[in-house]
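See structure below.
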Amino acid sequence: MNIFESYLQDITSLIKKNQKKLNLKQTNSFKGVNLEIPPPNIGSDLSCNICMILAKPNNLDPNNLAVQVRDLIRGHISDFKDIEIAKPGFLNINLSNEAYFNIINNIFLEDNKFGSLKTNDTYNIEFVSANPTGPMHIGHCRGAVFGDVLSNLLKFNGNKVTKEYYINDYGTQIKNFVKSVYLRIREIKYKENFSNEKDLYPGEYIKDIAKKVLDKSKLKFDSFEDSYDFLEKESLHYSMKMIKSDLEKLGILHDSFVSEKSIVNSNALQKAIEKLKKTKHVEEGFLEPPKGEEIKNWKKTKKLIFKSVLFGDDANRALQKNDGSWTYFANDLAYHSNKVLRKYDKLINILGADHTGYVKRIKGAVQALSENKTILECKVCQLVKLFKNGSPFKMSKRAGDFISVNDLLNEVNRDSIRFMMLNRSNDVELEFDFDKVLEKSKENPVFYVQYCHARIQSIFRLINFQVKKKRNIKSTELNFNKYEKEILKKIFEWPKIVKIASNKYEPHRIPFYLYELATLFHSYWSKGNEDDEFKFIKNGKAKQNTMTVIQLILIVLQNGMNILNVSLPSKM
RNA sequence: GCGCCCUUAGCUCAGUUGGAUAGAGCAUCGGUUUUCUAAACCGAGGGUCGUAGGUUCGAAUCCUUCAGGGCGCGCCA
């Protein structure tokens with residue numbers, strides 16, 4: 001139960017019923033009306049802005065309106081103990097003991113569903129989709145964790161989520177990749193020097209793949225062309241195996257892998273283009289040269305183009321190259337038509353910062369393909385800046401000198417990586433400081449949250465307490481002190497955090513919230529050092545109130561960390 | 001030139017779909033442990049929320065201007 005919403009509903013329906021009495025001509029729009037926990041200095045449990053919102057269109061003084069509304073509520077909503085009016089027209093509400101009692105028992109009842117929005121949509125989330133030309137690096141890692149946690153969050157709400165990986169196993173980069181493997185094989189088998197051609201992949205991992213291919217095959221590898229099909233299949237197999245293993249170590253498992261090649265070999269593209277020709281989103285035409293850097297071999301030729309300008313893009317986009325073959329975007333359009341046909345309620349793509357310029361055209365494509373029925377949302381993750389020994393650490397996949405996820409996992413545990421990757425909004429660059437993450441100290445927020453759990457479990461151990469599945473409290477037990485009340489308010493806010501994080505696709509709000517909750521807990525814990533009154537355990541027994549509060553914390557910690565898929569150790 | 005993102009304390013960043021005195025962590029300074037885990041806690045200093053306007057009861061948040069930084073701007077993938 002989200003108390004903010006249910007109480008707000010009580011208030012709004014009460015006001016609607018008494019519309020005439022309150023001299024309200026307009027109560028149609030309650031937009032902007034909300035009920036929330038006020039800043040600590042206000043002191044009350046809840047605060048409502050409804051009178052300020054309604055005053056203007058009805059030409060009323062917000063303060064006078066607040067007085068009337070207060071009197072109205074007093075007789076009708078029993079969960080509200082008292083209501084005060086503050087400056088411009090806030091209603092500051094305190095909850096009755098009865099209300100606390102109901103809310104808490106409801107949380108116990110909901111348990112591992114507490115906070116869930118209880119929606120039932122289908123989602124397709126495409127994320128990672130790293131090119132199968134090498135292992136995952138740290139930049140992929142951010143999008144990977146982001147997509148995974150967003151999926152978990154949406155599942156927590158009751159939705160069905162398909163986590164999808166689009167394998168770019170088609171095009172010139174794959175040829176270069178396969179050629180690199182071929183040359184490494186020649187190097188091993190015939191002691192030939194590796195070529196220094198520009199677009200090849202020189203990285204060490206190519207040698208590993210080459211060795212594995214050699215172990216498996218007795219072919220002579222005399223000619224690149226003759227062995228190409230076999231080599232491509234094997235090279236892709238091993239690079240995808242590498243990537244999947246990295247993902248698995250991060251705790252990420254995709255439900256679906258879609259190969260670009262399979263899309264190309266289907267008739268999806270032809271069908272999509274036929275459809276878009278009818279709606280005039282695709283036409284033959286000419287394109288102007290790009291405005292950025294000058295391109296050498298620019299030719300103004302007639303070709304099929306997608307009119308992405310209709311969707312706010314800077315320019316229309318080519319579906320064909322000069323030689324008439326399809327562009328990457330054309331294949332991606334086909335892939336997205338395939339997604340549209342699978343009839344998800346919502347599509348989400350998680351992209352890296354270098355793909356920002358791609359968003360408008362692909363969103364436009366989905367809009368056109370689905371006739372505005374399917375919404376594609378693109379979330380862009382900004383760069384990860386690596387720091388080592390206090391200075392920035394550059395990486396380049398082509399040169400082969402990058403920090404792979406595997407390297408990272410050898411030094412930093414999975415929990416820290418997952419938590420750290422979400423410790424920033426996706427909209428800002430993330431500084432990933434190797435030294436700090438390795439320190440395993442309080443600088444690493446994941447420990448702080450885990451430590452909170454470890455302390456709770458230590459209390460349970462000391463008094464031999466077993467958490468029961470069916471729990472409830474009796475109203476007589478309600479006598480929370482100010483620290484406990486503060487923690488309770490934070491806990492009541494959990495559903496709101498879930499809601500905002502879900503609606504805005506901003507999973508980072510969850511680690512931030514958990515950190516704040518942990519702060520309140522640690523602070524309360526330490527109060528026992530100053531004053532025996534606040535000790536959790538006395539004479540081998542714990543106070544009922546305290547046990548109630550820490551069990552509620554436990555529920556939120558478990559629900560939150562489950563979404564993050566970060567462990568909660570019982571001892572640290 | 002254009003598009004997207006960013007600009008909040010010395011540093012790194014949160015900020016409740018517009019709310020009340022703008023918050024954390026780190027750093028600095030001071031304090032807390034015979035007592036449930038000090039991987040912790042408490043206190044102090046530190047702010048023109050990049051700039052200039054606008055919208056309104058109310059703006060860090062919405063709109064516009066300008067400045068600074070990042071990413072991108074293929075008929076590559």
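Hydrogens, waters and symmetry mates are skipped; everything else that's a heavy atom, side chains included, is used. Note on naming: letters A, B, ... go to the chains in the order of the sequence lines (proteins, then strands), and numbering restarts at 1 for each one.
- Taking the six-membered ring where tryptophan is involved, the planes of A:His355 and A:Tyr358 are perpendicular, since the angle between them exceeds 60° and thus also 30°.
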Dot-bracket for RNA chain B, please, read 5' to 3', with Watson-Crick or G-U wobble pairs under 3.5 Å on both distances, ( ) within the strand, [ ] crossing, | other strand, . unpaired. (((((((..((((.....[...)))).(((((.......))))).....(.(((..]....))).))))))))....
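- No N or O donor and acceptor, one from the side chain of A:Asp199 and one from the base of B:A77, sit under 3.5 Å apart.
- Both thresholds, 5.5 Å between centres and 30° between ring planes, are met by A:Phe90 relative to the base of B:A20, so the two rings are stacked.
- In this model, no side-chain donor or acceptor of A:Asp354 finds a partner on the base of B:G72 within 3.5 Å.
- For the pair A:Lys385 and B:G69, the criterion of a side-chain N or O lying under 4.0 Å from OP1 or OP2 is not met.
- Among the heavy atoms of the strands, none lies under 4.0 Å from A:Phe329.
- You'll find the ring centres of A:Tyr448 and A:Tyr515 inside the 6.0 Å limit.
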Distances under 3.5 Å between protein N/O atoms and the N/O atoms of nucleotides 29-35 of chain B, please, pair by pair.
| unit_1 | atom_1 | unit_2 | atom_2 | d |
| --- | --- | --- | --- | --- |
| B:U35 | O2 | A:Lys535 | NZ | 3.0 |
| B:U35 | O4 | A:Asn529 | O | 3.4 |

Between the protein and nucleotides 8-15 of chain B, list the N/O to N/O atom pairs that are separated by less than 3.5 angstrom.
| unit_1 | atom_1 | unit_2 | atom_2 | d |
| --- | --- | --- | --- | --- |
| B:U12 | O2' | A:Arg424 | NH2 | 2.6 |
| B:C13 | OP1 | A:Glu429 | O | 3.4 |
| B:C13 | O5' | A:Arg424 | NE | 3.3 |
| B:C13 | O2' | A:Arg424 | NH1 | 3.3 |
| B:A14 | OP1 | A:Ser425 | N | 2.8 |
| B:G15 | OP1 | A:His508 | NE2 | 3.1 |

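- We find that A:Lys339 and A:Glu164 are not joined by a salt bridge, their nearest charged nitrogen and carboxylate oxygen being 4.0 Å or further apart.
- For A:Tyr448 and B:C41, the shortest distance from a side-chain N or O to OP1 or OP2 is below 4.0 Å.
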